[in-house]
Amino acid sequence: MYVAVKGGERAIDNAHAFLAEERRGDPAIPELTVAQIRAQMALAVNRVMAEGSLYDPDLAALAIKQSRGDLIEAIFLIRAYRTTLPRLGCSRPIDTGRMAAVRRVSATYKDLPGGQVLGPTFDYTHRLIDFALAAEGTAAQAPLASAPLGPVPRVTGFLDREGLIEDEPASEATPRDLTREPMELPADRALRLQALTRGDEGFILSLAYSSQRGYGRTHPFVGELRIGEVAVELDIPELGFAVEIGAITVTECETVNQFTGSRTQPPQFTRGYGLVFGQTERKAISMSLVDRALRWDELGEDNTGAPVQDQEFVLMHADNIQATGFLEHIKLPHYVDFQSELELVRRLRAGQQGAAE
Amino acid sequence: MSDYNFAYLDEQTKRMIRRAILKGVAVPGYQVPFASREMPMPYGWGTGGVQVTAACLTPGDTLKVIDQGADDTTNAVSIRKFFQRTAGVAVTESTAAATIIQTRHRIPETPLTEGQILVYQVPIPEPLRFLEPRETETRRMHALEDYGLMHVKLYEDIARNGAIATSYAYPVKVEGRYVMDPSPIPKFDNPKLSGSRALQVFGAGREQRIYAVPPYTDVVSLDFEDHPFEASKAPHACDLCGDDASYLDEVITDDSGGRMFVCSDTDHCAGRQAAGHRGRLSPQEDAA
């Protein structure tokens, strides 16, 4: 007998209560604090800030706690919160040339002014499970450099002086805002970079990787990778000058790519660019590769039909909040449509059987 | 939290959405790009409809939310609750009593009236999307009224199956100009799109598009002279209210092939039962 599908409201409330209980887990184990997540899960916090497009480590840590460690869910919480925030103003462009870098490496020069600074990196660690961590041992103290690293010159600057790398003229134009206007294709580079920096790390990584394996190859070298704090300055109209309102940590990657030249341009190197909130090295490098691959048209390169060259494909599928929402919506009831399909298949089958007889 | 603006969105955002709706009304069936916001529910779960509803709601409105024709499906419950919480508007399950109805996958059986707004949740607003994946290309096709590809698709259906093999989200032509996706409503509902007394607004959040069918607009389901459009449904009557003209859900009742058919529109079905209509499986009341 038909049982009316009532009680959806109570079922939802109960499911949410169950979720809250599961989130907390065994109450005999001490609860994680937001400060602990912020301090000890910093790279997860960075990813949530980057893809959530909101620089707020405390809020990102809270979102990670609320989402039980599901980072895409945490990013979603941040995005939904972000849209409700008023726009007080637009900062001056950050100057990564004046960055207080904690890490700065170049793969194109053995040594260079400012030096190779490894900083806190997983590189060269042996990926062996450290069982001592399970025993909650205290970390070794890292020795301190005699002086903090001051502003260091850019690798692309050295190449630029020789005219070996494409010119990147400065512009005072205000870029369009991806979060305030509908995406229009073709999108200019500023808009593409916005989409890439908040795009899903896994998706951007895979696209970059595909380009390395030959699907839209761009021959990248990591000219420079730098991570550190930069000041954020805001023009205050009443004062008539810019005021430093805070500092954010960013990861910047500049790739140097081969370019054979064209009819109008002599052979020179070209640029790919990645800039991401927080220490997010994998993402920044991936972003710079994808950025460079998407520039095939302006550089007069061949479109080989590779996914990474396809602006519409890349930009329309990079956002994990859009992707996961649409993917997971197929869990919602679809029985009205399914019913119409049932009727159609039954009718077509009846027609075919009738014809066979 | 109660410190959100009325109906959640800030007034600037609502104004932006209203401008898109007005443009949609002015150019029936045309997909207007709008700067869709991230909502506190996932993309694909009605964010476009929710934004349109938020932009249309006034404190005096009465809201009805349905999913699959029913007021009590989980996502309908969730969206209705969202507006109760953020807008504090009156809600109803009665189609006739509502001033704004947000729907997913159905048009109510009760004919709509002037002054009502029907808001559709739209997953993929582009009717040509599965024929041509590129937005840049489909926008060009709409601009040039280049709908040959769609007719070829429908023709190929007939050549292969003897019938047009589209049973929901069946494409329509609006006021003789734009081919439009009516959202995934069953094609049974398509005739209700045309000449409706209510304003119909379609919102696609993830795809950042809004489009509209103003009242009394001509909406034609695409077909061929020798293969006319047919609004089909299960060839049964509702087992609870006996209606043989409403759209039915098929419910499996046991594991040996037993099934029953019930109205998908719960308000319609409940109204008929209250008026004394009975179906094949209605509980037998003692006629006192």
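By convention in this document, chain letters (A, B, ...) are assigned in the order of the sequence lines, proteins followed by strands, and residues within each chain are numbered from 1.
Taking the charged nitrogens against the carboxylate oxygens, A/Asp13 and B/Lys81 do have a contact shorter than 4.0 Å, which makes a salt bridge.
Interface remark: B/Arg160 contributes no atoms to any contact with chain A (heavy atom separation under 4.5 Å). Proximity to chain A is limited to the side chain of B/Phe261, based on heavy atoms less than 4.5 angstrom apart. At a 4.5 Å heavy-atom cutoff, B/Ile252 makes no contact with chain A through either its backbone or its side chain. For B/Thr166, the part sitting under 4.5 Å from any heavy atom of chain A is the backbone (N, CA, C, O) and nothing else. With a 4.5 angstrom heavy-atom cutoff, B/Phe188 does not touch chain A via any of its atoms. Residue A/Arg82: no heavy atom, backbone or side chain, is found under 4.5 Å from chain B. When heavy atoms are compared at a cutoff of 4.5 Å, B/Ala169 does not approach chain A at all. Looking at A/Leu342, only its side chain comes within 4.5 Å of chain B, counting heavy atoms on both sides. Interface remark: B/Met16 contributes no atoms to any contact with chain A (heavy atom separation under 4.5 Å). Only the side chain of B/Ile124 comes within less than 4.5 Å of a heavy atom of chain A; its backbone N, CA, C and O stay farther away.
Side-chain atoms of A/Gln339 never come within 3.5 Å of backbone atoms of B/Asp249 as a donor-acceptor pair (strictly under, hydrogens ignored). The backbone N or O of B/Ala35 sits nowhere less than 3.5 Å from a side-chain atom of A/Glu181 that would complete a donor-acceptor pair. Checking side-chain atoms of A/Ser340 against main-chain N and O of B/Pro186 turns up no donor-acceptor pair under 3.5 Å. Distance alone, capped at 3.5 Å, places no donor-acceptor pair between the B/Glu38 side chain and the A/Phe76 backbone.
Considering all non-hydrogen atoms of both residues, B/Asp67 and A/Pro333 come closest at OD2-CG, 4.0 Å. The shortest non-hydrogen separation linking B/Ala163 to A/Leu348 is CB-CD2, 4.1 Å. The minimum heavy-atom distance linking A/Glu328 with B/Trp45 is given by the pair O-CZ2, 3.5 Å. Taking every heavy atom of both residues into account, B/Gln208 and A/Met183 meet most closely at OE1-N, 3.0 Å.
Summarising the local packing, OH of B/Tyr168 is surrounded by 12 or fewer heavy atoms from other residues, nucleotides or ligands at distances under 6.0 Å. Counting heavy-atom neighbours within 6.0 Å of B/Lys23 NZ, excluding the residue itself, gives a total of 12 or less. Within 6.0 Å of atom OH in A/Tyr215, 12 or fewer heavy atoms from other residues, nucleotides or ligands are found, so the atom counts as exposed in its surroundings. Within 6.0 Å of CD in A/Glu21 there are 12 or fewer heavy atoms belonging to other residues, nucleotides or ligands. Within a 6.0 Å sphere centred on CG of A/Leu85, other residues, nucleotides and ligands contribute more than 12 heavy atoms.
No side-chain donor from either of B/Arg37 and A/Thr84 sits under 3.5 Å from a side-chain acceptor of the other.
A/Thr324 contributes atom OG1, which lies 12.5 Å from atom OH of B/Tyr43 (distance to the nearest 0.5 angstrom). Rounding to the nearest 0.5 Å gives a distance of 9.5 Å between CD of B/Glu137 and CD of A/Glu312. Taken from CD in A/Gln311 to OG1 in B/Thr136, the straight-line distance is 9.0 Å, to the nearest 0.5 Å. Rounded to the nearest 0.5 angstrom, A/Phe338 CZ and B/His105 NE2 are separated by 14.0 Å. Going from atom CD of A/Glu343 over to atom NE2 of B/His236 covers 6.5 Å, rounded to the nearest 0.5 Å. Rounded to the nearest 0.5 Å, atoms NE2 (A/His334) and CZ (B/Arg104) are 4.5 Å apart.
Between chain A and the options B/Pro42, B/Ser232, B/Ser167, the largest number of non-hydrogen pairs under 4.5 Å is found for B/Ser167. Ranked by heavy-atom pairs shorter than 4.5 Å toward chain B, the options A/Leu185, A/Ile321, A/Asp319, A/Val345 are led by A/Ile321. Considering only heavy-atom pairs separated by less than 4.5 Å from chain B, the leading option among A/Leu344, A/Val336, A/Thr83 is A/Val336. Highest contact tally toward chain B, considering only A/Ala323, A/Gly325, A/Pro182, is held by A/Pro182 [criterion: heavy-atom pairs under 4.5 Å].
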Quiz item: Could you walk me through whether A/Asp337 and B/Lys187 pass the salt bridge (charged side-chain N to carboxylate O under 4.0 Å, His left out) check?
Solution: CA-CA 9 Å; A/Asp337 294 345; B/Lys187 67 177 183 177; over 6 Å; no

Practice problem: Check the pair A/Glu184 / B/Arg139 against salt bridge (charged side-chain N to carboxylate O under 4.0 Å, His left out), numbers first and verdict last. | Solution: CA-CA 11 Å; A/Glu184 233 178 84; B/Arg139 283 190 82 75; over 6 Å; no

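Using a 4.5 Å heavy-atom cutoff, the side chains of A/Asp310 and B/Arg134 are in contact.
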